[in-house]
Amino acid sequence: MHLKKRILVTGGAGFLGSHLCERLIGQGHDVICLDNCFTGTKHNIYHLMGDPHFEFLRHDVTFPLYLEIDEIYNLACPASPIHYQHDPVQTTKTCVHGSINMLGLAKRTRARIMQASTSEVYGDPEQHPQPESYWGHVNPIGIRSCYDEGKRCAETLFMDYHRQHRVRIKIARIFNTYGPRMHPNDGRVVSNFIVQALRGEDITVYGDGSQTRSFCYVDDMIEGFLRLMATDDAFIGPVNLGNPGEFTIRELAGKIVEMTGSRSKIVMKPLPHDDPRQRRPDIALARETLGWEPGVRLEEGLAATIAYFDDFLRRNEAEAPGAPQS
Ligand code: NAD
Ligand code: UDP
């Protein structure tokens, strides 16, 4: 039995945010979903709109906000390289000003606040897998820096609001997560490959495809968020959340071609600048403190994601191009 809370989810109309809102509503909480709809869309939350415990608020986190709430999940920020590099100054502002505004709100209301940080704080890591104690290897002046350094500065702000103002914080370092409601055109590898395979287009592997990533299914990630938020005030993180299974990008392409039965060819494209060579979370801390580890295998998660995009693309071809329906 959960105590009913009033919970703010920033970035709530995005991929992870919409799943989080759904889970929180399911637990009987009042949810305020804040989003400026840059990469998120109301289509992701239409199914929640009629619920009297759900409220959508179009707002940009870089501007102050006055609300009375018990908990904040701060997810607002474009997550895919294409989108966060589209307006890099706004990306850094969202990370930094957005965090300051949400931390100010947490301070005034005494709300607990969780930051959606990222494995990008480790940059192109020299230590593998990456434990939370690793300080990272990040280029401060590259094309990914608006996001990587923005998120690093956000972590600094969270820690300083905690030390200086005793704000009750939690920091989650999220590794690559995938699933239904990813934006079909955001350029992330799982959505790109699935959409390309379903359309019979070439599968674009960047570089030689030997770089690795670890892919966590969305339901596992949301469970990790909820468990982290439920820890007592003494535990603040940062804590890695991700699936420790590690795959090369070429392997991922092969799996998706096989699972979709596609006749797409795999083609090589240039590797983007500062593309990390390898990434895999060390989740020992999450196991120990949250009793959490991912339960969904890559094949299972891909099957659900392929089914979602298959339906999405069929409907999009029948109707005018639009955003995902739920
Ligand atoms: P997403 O792009 O689908 O969601 C981000 C949401 O934030 C969108 O709905 C967008 O419209 C909103 N937003 C962006 N700027 C805003 C602003 N200034 N004010 C208000 N809303 C704004 O991405 P996602 O994958 O759902 O990621 C959610 C969070 O998790 C992000 O903070 C991201 O950095 C973090 N994260 C995600 C992953 C992943 O693999 N999905 C990995 C690491 C970290
Ligand atoms: N990638 C790829 N083809 C694509 C999209 C991405 O080979 O069409 C590669 C990309 O270069 C990177 C990996 O897949 O090495 C993961 O990319 P994504 O943008 O999903 O996440 P991130 O680089 O932020 O981990």
Side-chain angles (χ1 to χ4, degrees), residues 9-21 33-42 44-45 57-63 65 73-85 87 90-95 97-99 101-102 114-121 124 144 147-148 150-151 154 172-179 181-183 186-196 201-216 218 221-222 225 240-242 247-250 252-253 266-279 281 324:
V9 178
T10 79
F15 161 49
L16 294 179
S18 62
H19 287 274
L20 177 60
C21 288
C33 164
L34 175 158
D35 208 293
N36 69 351
C37 294
F38 172 43
T39 52
T41 154
K42 282 204 274 178
N44 285 338
I45 48 165
L57 183 61
R58 191 183 287 257
H59 180 82
D60 186 320
V61 280
T62 61
F63 295 98
L65 178 74
Y73 289 86
N74 189 35
L75 271 59
C77 184
S80 82
I82 290 182
H83 285 137
Y84 69 63
Q85 289 164 9
D87 184 349
Q90 174 66 11
T91 300
T92 306
K93 275 190 191 167
T94 295
C95 292
H97 295 189
S99 292
N101 289 329
M102 292 308 108
M114 189 203 91
Q115 168 65 354
S117 190
T118 167
S119 53
E120 294 284 329
V121 300
D124 192 2
R144 290 174 89 109
Y147 182 75
D148 301 7
K151 289 284 188 178
R173 289 189 180 152
I174 305 166
F175 284 65
N176 299 57
T177 305
Y178 70 98
R181 300 199 204 117
M182 290 183 90
H183 196 296
D186 78 359
R188 280 188 274 188
V189 67
V190 174
S191 44
N192 256 19
F193 286 0
I194 292 178
V195 170
Q196 289 165 341
E201 295 167 355
D202 289 348
I203 310 267
T204 55
V205 168
Y206 300 158
D208 64 2
S210 64
Q211 69 272 32
T212 68
R213 293 292 187 276
S214 300
F215 301 101
C216 185
V218 59
M221 184 55 62
I222 302 304
F225 289 177
N240 288 340
L241 295 179
F247 299 88
T248 66
I249 295 305
R250 241 207 115 92
L252 178 74
I266 296 178
V267 299
M268 305 297 181
K269 296 272 177 185
L271 189 69
H273 261 282
D274 286 340
D275 199 274
R277 287 285 321 145
Q278 53 180 13
R279 199 186 279 146

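Quantities reported herein were computed from a predicted structural model and do not represent experimental measurements. Each ligand, and each atom within it, is numbered from 1 in the order the structure gives.
Where the criterion is an N or O separation shorter than 3.5 Å, residue side chain and backbone included, Thr177 meets it with respect to ligand 1. Taking any N or O of Leu75, backbone or side chain, at least one lies under 3.5 Å from an N or O belonging to ligand 1. Below 3.5 Å of separation, one finds an N or O of Arg188 facing an N or O of ligand 1. For ligand 1, none of its N or O atoms has an N or O atom of Ala76 under 3.5 Å away. Considering backbone and side-chain N/O atoms, Thr118 never comes within less than 3.5 Å of an N/O atom of ligand 1. At least one N or O atom of Thr94 sits closer than 3.5 Å to an N or O atom of ligand 1. Not a single N or O atom of Thr41, backbone or side chain, sits closer than 3.5 Å to an N or O atom of ligand 1. Any N or O atom pair closer than 3.5 Å counts here, and Leu34 shares no such pair with ligand 1. Remark: ligand 1 and Cys77 share an N or O pair separated by less than 3.5 Å (distance only, no angle test). In terms of polar-atom proximity, Lys151 is counted as a contact of ligand 1, with an N or O under 3.5 Å from an N or O of the ligand.
Closest to atom 7 (O) of ligand 2, if we only count protein heavy atoms, is Tyr206 N, 2.7 Å. Atom 11 (O) of ligand 2 has as its closest protein heavy atom Asp275 OD2, 2.7 Å. Protein heavy atom closest to atom 24 (O) of ligand 2, with residue, atom name and distance, is Arg144 NH2, 2.9 Å. For atom 8 (O) of ligand 2, the nearest non-hydrogen atom of the protein is Asn192 ND2, 2.8 Å. In terms of protein heavy-atom proximity, atom 3 (N) of ligand 2 is closest to Thr204 O, 2.6 Å. The single protein non-hydrogen atom nearest to atom 20 (O) of ligand 2 is Val189 N, 2.8 Å, given as residue, atom name and distance. Scanning the protein heavy atoms around atom 21 (O) of ligand 2, the nearest turns out to be Asn176 ND2, 3.3 Å.
Heavy atoms of Asn176 found under 4.0 angstrom from ligand 1 belong exclusively to the backbone. With a 4.0 Å cut-off on non-hydrogen atoms, Tyr178 does not touch ligand 1 at all. When non-hydrogen atoms are compared, ligand 1 lies under 4.0 Å from neither the backbone nor the side chain of Ser119.
Near Val205, meaning under 4.0 Å from any of its heavy atoms, are these atoms of ligand 2: 7 (O). Within ligand 2, the atoms closer than 4.0 Å to a non-hydrogen atom of Ile249 are 7 (O), 13 (C), 14 (O), numbered from 1 in the order shown.
To the nearest 0.5 Å, atom CD of residue Gln211 and atom CZ of residue Arg279 are 10.5 Å apart.
With Glu120 as reference, Arg144 is the one residue of Arg144, Arg213, Lys151 to meet the salt bridge (Lys or Arg N to Asp or Glu O under 4.0 Å) rule.
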